[in-house]
Amino acid sequence: MSRTIEPDMVRHIAKLSRIELSEEQLATFGRQLADILEYFDKLAELDTTNVEPLAHAVEIHNVLAEDTPRPSLSADAALANAPQRDGDFFMVPKVIGDSL
Amino acid sequence: MNDLSNLSALELRDAIAGGTVSAVRAVDAYLEAIARREPAVGAYNEVLAERAMEQAAAIDRKRQSGRPIGPLGGLPLAIKDNLCTSYGRTTCASKMLANFQAPYTATAVARLEAAGAIVLGKTNMDEFAMGSSTENSGFRPTANPWDASRVPGGSSGGSAAAVSARLCAAALGSDTGGSIRQPAAFCGVVGMKPTYGRVSRFGLVAYGSSLDQIGPVTQNVADCALLLGAIAGGDPADSTCLDRPVGDYLIELEKPIEHLRVGLPREFFSQALDAEIASSIRLAAEVYQSLGATIVDVSLPHSRIDVDGEGKVSSYAVACYYIVAMAEASSNLARYDGVHYGHRTARDVEDIVDLYCKTREEGFGSEVKRRILLGTYALSSGYYDAYYLKALRVRRLIKNDFDAAFGHCDLLLCPVAPTTAFRLGEKTADPLTMYLEDIYTISVNLAGLPGLSLPAGLSKTGLPIGMQLIGPVFSEDRLLRAGRMYEKASGVSGLRPEMTKK
């Protein structure tokens with residue numbers, strides 16, 4: 001329980017994750033993440049030299065479909081849940097800036 | 001008596017097909033049960049009463065005019081709320097999707113409906129299927145029908161509680177690390193996670209894409225066979241779903257398997273396991289022995305469960321699973337951006353990144369945030385090799401263990417969870433304690449295998465104990481037949497909590 005991840009590091013991960021965190025959350029998550037990562041370190045006990053990574057348990061090869069048009073969602077259906085729309089477009093605040 | 005809860009799904013199906021019970025009466029009986037018992041359970045996020053009654057009337061008209069009503073004709077079912085339906089809401093029990101109306105219906109649900117089933121409602125769950133108790137629901141927890149002070153398990157806790165309390169004839173859940181099997185065990189019902197690729201996931205809200213599977217939650221093994229037969233099979237809309245033929249799982253269900261070799265993974269019987277559950281599993285092994293099966297000692301070294309001097313439990317499989325699942329979750333949940341659908345912050349924002357950050361802070365609960373943060377960390381540069389790639393290598397070792405074990409036996413028999421249903425609030429303070437709920441179920445998802453959870457009796461305190469059968473890929477028929485063998489020989493089947501008998 002003693003380990004923690006520094007608030008700056010948690011802040012960096014939170015930014016990559018696009019989640020705003022309060023100072024209090026930064027501290028709580030810092031402790032919890034450290035505990036969980038310590039648990040993950042158990043894997044270091046295992047020698048995995050020459051072991052191929054396994055991404056999918058059931059081997060699936062390329063699945064190809066005929067290149068023929070099929071019905072898809074109408075613009076109205078695709079936009080039905082949009083928090084804000086403008087005609088056939090999703091509305092967002094200004095995108096130009098230096099925070100990207 | 002208007003309550004049809006003494007009928008299994010298969011029996012109710014036959015009664016409706018034979019005309020002794022109308023579909024309208026079946027839906028009405030379950031709506032009445034919901035009115036009576038749902039307030040104490042809280043299994044549903046939404047009950048679709050009106051639509052269900054219309055569907056039932058349509059089924060009855062079909063039958064009266066002599067047209068076929070399908071293999072599930074008139075059966076009222078509950079659907080986990082992470083399966084899209086073009087009617088009602090699909091919330092994933094998250095504030096992020098509290099008002100989301102899906103534009104299409106998941107293939108698995110559409111197949112049930114095409115077979116004549118009626119969707120009664122959408123069931124509660126841990127938010128985005130992340131949890132093992134349904135306490136991470138963004139709305140409210142669900143109670144275990146056997147003891148309202150205890151959790152139903154999770155994440156498909158609403159589906160398991162609904163079947164257990166007879167608030168539906170059967171249900172669908174999803175299982176990423178045990179989310180069908182563990183709640184089934186806690187609630188005394190049957191649940192199956194099929195082979196990775198057996199059931200289409202089109203319309204299942206993605207969590208851990210290399211692990212997720214949809215499966216049935218039912219009163220007994222035959223009902224499980226009935227539902228699996230309806231939802232399994234290839235789907236052009238899901239390229240990870242394999243187009244392999246689907247047999248009729250009911251045809252040979254009653255036929256016992258001869259010369260069955262049942263493997264007991266020795267690593268699963270450590271001191272982390274509750275003694276009463278351990279003895280239930282050994283008793284189940286004796287039942288198989290009495291039916292002519294051979295019991296084989298097998299080893300799954302990389303799914304080993306260690307307990308240190310201070311009683312701290314650890315497992316390679318748990319570490320491996322959570323790295324993989326969180327990495328995939330952080331990527332999958334990037335889509336909740338406050339732009340395309342779902343919650344958007346009402347606060348003032350500086351720019352679009354600020355919009356994302358505030359929206360996601362408000363829309364996601366703590367566990368979802370924790371997993372996104374950890375997954376992002378494990379995938380970030382400098383840590384990718386140490387965590388994510390390492391986990392994928394360990395994943396192969398875990399799968400190799402199963403391949404080796406199945407060289408000596410036809411299926412594995414083991415516990416579902418280390419304990420029976422725990423109390424609400426008991427494990428919410430420390431996330432790691434909750435993750436350890438999955439020590440017996442996660443390896444199955446990592447290896448892509450089918451797993452069947454079925455009741456093995458009740459504890460001394462009257463709580464359901466579950467047992468798990470695990471088989472090689474695409475051995476669902478074998479698991480179901482073996483499960484049925486146990487049910488018949490032990491007489492443990494169709495367990496009903498006291499609340500359903502009043």
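Here is the naming used below: chain letters follow the sequence lines, and residue numbers restart at 1 for every chain. Note that these values count all heavy atoms, side chains included, but never hydrogens, waters or copies made by symmetry.
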Which portion of B:P236 sits near chain A, non-hydrogen atoms under 4.5 angstrom: neither
Leading residue by heavy atom contact count with chain A [cutoff under 4.5 Å; candidates B:L355, B:I323, B:I372]: B:I323
Proximal component of A:V51, with respect to chain B [non-hydrogen, under 4.5 Å]: both
Contact residues of residues 75-84 of chain A (partner chain B; heavy-atom separation under 4.5 angstrom): A:A77, A:N81, A:A82, A:P83, A:Q84
Region of B:A386 in contact with chain A, defined by heavy-atom distances below 4.5 Å: neither
Contact check, side chains of A:Y39 and B:L436, non-hydrogen atoms, under 4.5 Å: yes
Spacing of A:I19 atom CD1 and B:E361 atom CD [to the nearest 0.5 Å]: 9.0 Å
Among A:L33, A:T28, A:L16, residue most engaged with chain B (heavy-atom pairs, under 4.5 Å): A:L33
Toward chain A, the part of B:E362 with a non-hydrogen atom under 4.5 Å: neither
Contact listing (chain A partner; residues 94-105 of chain B; heavy atom under 4.5 Å): B:N99, B:F100, B:Q101, B:P103
Side chain, backbone, both or neither of A:F40 within contact of chain B (heavy atoms, under 4.5 Å): both
Under 4.5 Å from a heavy atom of chain B, the part of A:Q32 involved: side chain
More than 12 heavy atoms from other groups under 6.0 Å of CD on A:E45: yes
Heavy-atom proximity to chain B below 4.5 Å, by part of A:L73: side chain
Option that, when pairs with chain A are counted at under 4.5 Å, heavy atom only, ranks first among B:Y377, B:Y316, B:F364: B:Y316
Residue selection (most heavy-atom pairs with chain B, distance under 4.5 Å) from A:V63, A:D41, A:I5, A:I13: A:I13
Between OG1 on residue A:T48 and NE2 on residue B:H302, distance to nearest 0.5 Å: 9.5 Å
Neighbour count above 12 (heavy atom, 6.0 Å) for A:F89 CZ: no
Taking every non-hydrogen atom, the tightest pair across A:A55 and B:S210: O-CB, 3.4 Å
Heavy-atom side-chain proximity of B:Y387 to A:L43 below 4.5 angstrom: no
Leading residue by heavy atom contact count with chain A [cutoff under 4.5 Å; candidates B:S330, B:S366, B:C320]: B:C320
Part of B:T359 lying under 4.5 Å from any heavy atom of chain A: neither
Rounded distance (nearest 0.5 Å) linking atom CD1 of A:I36 with atom CG of B:L374: 5.0 Å
Residue among B:N400, B:V394, B:L446, B:L373 with most heavy-atom pairs under 4.5 Å to chain A: B:L373
Intermediate values then yes/no, salt bridge (charged side-chain N to carboxylate O under 4.0 Å, His left out), A:K42 and B:D306: CA-CA 11 Å; A:K42 185 175 173 67; B:D306 296 325; 2.8 Å; yes
Which portion of B:K369 sits near chain A, non-hydrogen atoms under 4.5 angstrom: both
Under 4.5 Å from a heavy atom of chain B, the part of A:L64 involved: neither
Proximal component of B:Y383, with respect to chain A [non-hydrogen, under 4.5 Å]: side chain
Between B:G448, B:S239, B:A334, the one whose heavy-atom pairs under 4.5 Å with chain A are most numerous: B:S239
Which atoms of B:L242 approach chain A - backbone, side chain, both or neither, heavy atom under 4.5 Å: side chain
Partner set under ring-ring contact (aromatic ring centres under 6.0 Å, His included) for B:H340, not counting sequence neighbours: A:F90
Side chain / backbone / both / neither for B:S314 at chain A, heavy atoms under 4.5 Å: both
B:V349 portion near chain A, given a 4.5 angstrom heavy-atom threshold: side chain
Close side-chain approach of A:V92 and B:V339, heavy atoms under 4.5 Å: yes
B:L379, part contacting chain A, at a heavy-atom distance under 4.5 Å: neither
Rounded distance (nearest 0.5 Å) linking atom CZ of A:R18 with atom NZ of B:K358: 13.5 Å
Segment of B:V368 engaging chain A (4.5 angstrom heavy-atom cut-off): neither
NE2-OG1 distance between A:H12 and B:T376, expressed to the nearest 0.5 angstrom: 10.0 Å
Distance-only side-chain donor-acceptor flag, B:Y356 / A:E20, under 3.5 Å: no
Segment of A:M9 engaging chain B (4.5 angstrom heavy-atom cut-off): side chain
Separation of A:E52 CD from B:L397 CG (nearest 0.5 Å): 11.5 Å
Residues in ring-ring contact (aromatic ring centres under 6.0 Å, His included) contact with B:Y435, at least two apart in sequence or another chain: B:Y322
CG (B:D308) with more than 12 external heavy atoms under 6.0 Å: yes
Closest approach of B:R393 to A:P53 (non-hydrogen atoms, all atoms of both residues): NH1-CD, 3.6 Å
